[in-house]
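Letters A, B, ... are given to chains in the order of the sequence lines, protein chains preceding strands, and every chain is numbered from 1. The figures here come from the full heavy-atom set of this structure, side chains too, leaving out hydrogens, waters and symmetry mates.
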Number of protein chains: 2
Amino acid sequence: MTEEDSFDLRDFLPFLLNQAAEESSLEFQQVYKDRFGMLRTEWRVLFHLGMYGELTAKEIGERAKIHKTKISRAVAKLAQRRYLTRTRDANDRRSERLALTTAGRAVYRELRGVAQTYDARLAAQFTTGEAALLRMMLRRLAGME
Amino acid sequence: MTEEDSFDLRDFLPFLLNQAAEESSLEFQQVYKDRFGMLRTEWRVLFHLGMYGELTAKEIGERAKIHKTKISRAVAKLAQRRYLTRTRDANDRRSERLALTTAGRAVYRELRGVAQTYDARLAAQFTTGEAALLRMMLRRLAGME
DNA sequence: ACCTAATAGTTGATTTTGTAACTAACAAGG
DNA sequence: CCTTGTTAGTTACAAAATCAACTATTAGGT
């Protein structure tokens, strides 16, 4: 009854995932933060618009599971920096269609390049098969299937 | 020159890791937050002391890569709730040895049980081999090898 | 011993996030 | 057309994280 359940915090998935996420974001964070003065939500919004074209705030929120207040603030900042424009949707004037400006697209392409290189470096720690499996498992854990 | 680099945000490891970490922490968070009124750093400190016994704030910070101000505040709150005691180290009176009280150990054991069950449920989405590989890869990404 | 640098931990000010309440616009039933 | 309810997005306030400056103590030269 010595209650010696073998439990190691270092194997606990929520902990492990957090540590890995934090560590593996550090260098990329440096780029979008220090070099572009952006916040996490901001580059995410930028990437969504860069990848999928015009979207509303709500659509971005659904795809990336980001709360609407965060998005609202990120969009405000990106608009203020002239990285995107907002146009009221004629059919539903509550929402607005967001689109990157030329400047926004330029920043997106630059950041995307950084992201690609960075991701490749992370994945290089594993075999191709392992990396693919990892992404699959993470997608499942994230509920993004 | 159509700049059609195939890049999918949904495959980008830092993004994927963050989403998985967030999603997979939600339910456990509910327990330590709603049921025990704890913050993330607080249960982590509790677990470190529960698992490794007496430690200083600095040692916890090193093991879990948590910043000292966060630890300082977490320790203060845990001490205030009588989950741990602090004793000045006789050899170096700048630091203090932290140890769980009986109450602290009880909470630790209870939370550990929840964590174990929860972790098992997460891992059950994969084969045993896959889960082991996942933990290995996460440890490597987290720089915890 | 004495001066400077380093270390453990705390505190306060600033930023960022989270939560709830709000405005404006649409929708559907009577 | 009016209620009542819902939805897109914003704003205000509270909670928490981050960063810099601070205290107390130790360590290492000289």
Side-chain angles (χ1 to χ4, degrees), chain A residues 18-19 21-23 25-26 29-30 32-34 36-46 48-49 54-81 84-99, chain B residues 18-19 21-23 25-30 32-34 36-46 48-49 54-81 84-99:
Chain A
N18 255 294
Q19 298 289 112
E22 234 165 82
E23 182 63 28
S25 301
L26 266 177
Q29 183 174 99
Q30 229 109 70
Y32 68 70
K33 209 170 171 183
D34 298 351
F36 293 93
M38 279 192 201
L39 251 31
R40 205 165 53 125
T41 310
E42 289 162 26
W43 78 257
R44 286 186 180 189
V45 167
L46 188 87
H48 274 267
L49 294 172
E54 250 185 33
L55 291 171
T56 66
K58 197 201 174 198
E59 287 163 344
I60 298 176
E62 279 163 358
R63 289 177 193 249
K65 284 199 196 136
I66 305 178
H67 194 267
K68 58 181 182 171
T69 63
K70 267 196 195 171
I71 300 203
S72 173
R73 293 194 254 246
V75 167
K77 205 146 152 209
L78 292 172
Q80 175 197 318
R81 296 203 181 162
L84 61 78
T85 55
R86 341 164 75 154
T87 18
R88 286 244 158 260
D89 185 325
N91 295 63
D92 183 345
R93 306 209 349 272
R94 285 171 303 183
S95 65
E96 31 190 29
R97 318 237 23 112
L98 307 170
Chain B
N18 256 295
Q19 299 288 112
E22 234 163 84
E23 182 64 28
S25 300
L26 267 177
E27 278 184 62
F28 185 60
Q29 183 174 99
Q30 230 108 71
Y32 68 70
K33 208 170 170 182
D34 299 351
F36 293 93
M38 279 194 202
L39 251 31
R40 203 164 55 124
T41 310
E42 289 162 27
W43 77 257
R44 287 187 179 189
V45 167
L46 189 87
H48 275 268
L49 294 172
E54 250 185 33
L55 290 171
T56 66
K58 198 202 173 196
E59 287 164 343
I60 298 176
E62 280 163 357
R63 287 177 193 250
K65 286 198 195 136
I66 306 177
H67 194 267
K68 58 182 182 171
T69 62
K70 268 194 198 172
I71 300 203
S72 173
R73 286 172 171 130
V75 167
K77 204 144 152 211
L78 292 172
Q80 176 197 316
R81 296 200 182 165
L84 61 78
T85 56
R86 343 163 74 155
T87 20
R88 286 244 158 260
D89 185 326
N91 294 63
D92 183 344
R93 307 211 346 273
R94 285 171 302 184
S95 65
E96 32 189 29
R97 318 239 23 114
L98 307 170

Remember a base hit wins even if backbone is also touched, and classify B:T69 as base, sugar-phosphate or nothing at under 4.0 Å, heavy atoms. base
Could you tell me whether A:I71 contacts a base, only the sugar-phosphate backbone, or nothing, with contacts defined as non-hydrogen atoms closer than 4.0 Å? nothing
Given DNA chain D, 5'-ward residue of the pair A:H67 and B:R40, judged by closest heavy atom: A:H67
Interatomic spacing from CD1 in B:I66 to CZ in B:R44 - rounded to 0.5 Å: 5.5 Å
Between [atom2] of [N] and [atom1] of [X], the distance in whole Å:
X	N	atom1	atom2	result
A:I66	C:dG18	CD1	P	11 Å
B:E96	D:dT23	CD	P	18 Å
A:R97	D:dG9	CZ	P	9 Å

Donor-acceptor contact below 3.5 Å, side chain B:R97 vs main chain B:T87: no
Counting only side-chain nitrogens and oxygens, does [X] get under 4.0 Å of the OP1 or OP2 atom of [N]?
X	N	answer
B:S95	C:dA8	no
B:R86	C:dT10	yes
B:K70	D:dA16	no

Does the separation of the ring centres of A:W43 and A:F36 fall below 6.0 angstrom? no
From the candidates C:dT19, D:dG9, D:dT26, the one with an atom nearest any side-chain atom of A:K58 is D:dG9
Nearest to side-chain heavy atoms of B:L39, which nucleotide of C:dT10, D:dT26, D:dA17: D:dA17
Salt bridge flag under 4.0 Å for residues A:R63 and A:E59: no
Distance criterion of 3.5 Å, no angle test: do you see the side chain of B:R73 paired donor-to-acceptor with the base of D:dT18? yes
5' priority, DNA chain C, between B:V75 and A:N91 [closest heavy atom]: B:V75
Residue met sooner reading DNA chain C from 5', once A:K33 and A:R94 are mapped to nucleotides: A:K33
